[in-house]
Every structure is written in C-alpha cells, then in structure tokens.
Trainee: 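Got a structure here, written out as structure tokens. Questions coming.
Remember, predicted model here, so these are calculated numbers, not experimental data.
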Amino acid sequence: MFTLDHRIERDSILIAELPLSQLRLQNDQRYPWLVLVPKVEGAKEVHELKVDEAQQLLKESNVVANALAIVTGCKKVNIANLGNVVEQLHWHVVARFENDLTWPGPIWGIGEAECWEQKKRLTFVESLLKEIQSNQEIKVFPA
C-alpha cells in the first residue's frame with residue numbers, strides 16, 4: 001500500500017493521479033512548481049523501480065514538463081530528484097524565469113513559501129491539466 005510522506009503532503013496539493021505517480025502542486029506561488037511522486041511503496045531511488053516503472057516515470061515527467069513549459073512560457077524547466085531531506089522518491093518539476101527570485105541559482109531553502117491564492121491556483125491547475133490531457137501519452141485522473 002502506498003503511503004505519502006507527511007512532509008510532501010503538508011507542502012503540496014494533489015492535483016491529479018497519473019498511471020504511476022501522484023501529480024502535486026507545491027504550495028508556493030513564487031514558482032510554478034510541481035512534484036511527481038511514484039506510488040511505489042518504499043521507493044527512495046529511481047534505480048529501485050522496476051524498468052517499466054522507471055520508463056513510466058520518465059514518460060510522465062516529460063509530459064508534465066512539456067505542459068508546464070507551454071502553460072508558463074518559462075525560460076527553463078528544472079527537474080530535480082534530491083531526496084536528502086525527504087527520502088521518498090519524488091521529482092520536482094519547476095518552471096524557471098530569468099526574473100524569478102533566485103535565478104539562475106537553486107530555489108531550495110530560499111525565503112518563505114507563499115501559499116497559492118485559490119483563484120490563481122485553480123486557473124493554473126486547470127490550464128496545466130488541460131495541456132497534459134491533450135498530450136494523450138498518459139491518462140490523467142484529476143483530483
């Protein structure tokens with residue numbers, strides 16, 4: 001049975017279920033910041049996944065990153081798998097802009113998170129999910 005780490009649950013909002021992963025929105029409107037969490041109990045590293053699971057995670061991250069780039073018009077999409085604080089396997093997918101708070105440096109541990117305003121969040125999520133669903137490479141089940 002899949003159990004989500006309480007820190008990921010606390011800091012993000014479930015926006016969709018993908019075939020392998022939960023797609024979550026980090027609750028920090030400073031950055032369009034998504035988190036993919038494979039629903040594989042006990043997975044801490046990509047190399048611990050079965051080959052088909054690892055391939056599915058890559059497919060999902062590509063579809064999500066592409067949708068994020070289209071919706072935001074960002075300069076760069078950063079995809080990161082750190083796991084030093086939260087061991088549960090999760091990938092950050094972050095839209096970056098030359099005028100964001102920490103460009104070109106990392107976003108980790110800088111300042112305080114700013115929770116999404118509900119209307120802004122709903123508009124962003126709706127646009128993102130519409131773009132992901134138009135890809136047709138993966139099935140999306142909105143939360």
Trainee: With a cut-off of 6.0 Å (strictly less than), are more than 12 heavy atoms of other residues, nucleotides or ligands near CD of Glu126?
Mentor: no
Trainee: Provide the closest heavy-atom pair for Leu129 versus Ala16 in the form atom of the first, atom of the second, distance.
Mentor: CD2-CB, 3.8 Å
Trainee: Step by step, would you call Asp52 with Lys50 a salt bridge (Lys or Arg N to Asp or Glu O under 4.0 Å)?
Mentor: CA-CA 6 Å; Asp52 62 320; Lys50 297 174 187 169; over 6 Å; no
Trainee: Does Leu57 reach the side chain of Leu49, with side-chain heavy atoms less than 4.5 Å apart?
Mentor: yes
Trainee: Check for a donor-acceptor pair, side chain of Gln26 on one end and backbone N or O of Trp33 on the other, with a separation under 3.5 Å.
Mentor: no
Trainee: Is it the case that the side chain of Glu60 and the backbone of Ser21 share a donor-acceptor pair, with hydrogens and angles ignored and the cut-off at 3.5 Å?
Mentor: yes
Trainee: Please check: side-chain N/O of Asp11 versus main-chain N/O of Asn27, any donor-acceptor pairing under 3.5 Å?
Mentor: no
Trainee: Considering residues, nucleotides and ligands other than Gln118, do more than 12 of their heavy atoms fall under 6.0 Å from its CD?
Mentor: no
Trainee: Check whether Arg24 reaches the backbone of Ser12 with its side chain - one donor and one acceptor, N or O, closer than 3.5 Å.
Mentor: yes
Trainee: Might you point out which heavy atoms bring Glu53 and Leu20 nearest each other, and give the distance in Å?
Mentor: O-CD2, 3.3 Å
Trainee: Show, in sequence, the C-alpha distance, side-chain angles and deciding distance for Val140 and Val63, and conclude whether the side chain to side chain contact (heavy atoms under 4.5 Å, CB included) test is met.
Mentor: CA-CA 11 Å; Val140 179; Val63 169; over 6 Å; no
Trainee: Given 3.5 Å as the limit, does a donor-acceptor pair link the side chain of His90 with the main chain of Gln88, or not?
Mentor: yes
Trainee: By the definition side chain to side chain contact (heavy atoms under 4.5 Å, CB included), identify the one residue from Thr72, Asn78, Val77 that meets it with Arg96.
Mentor: Asn78
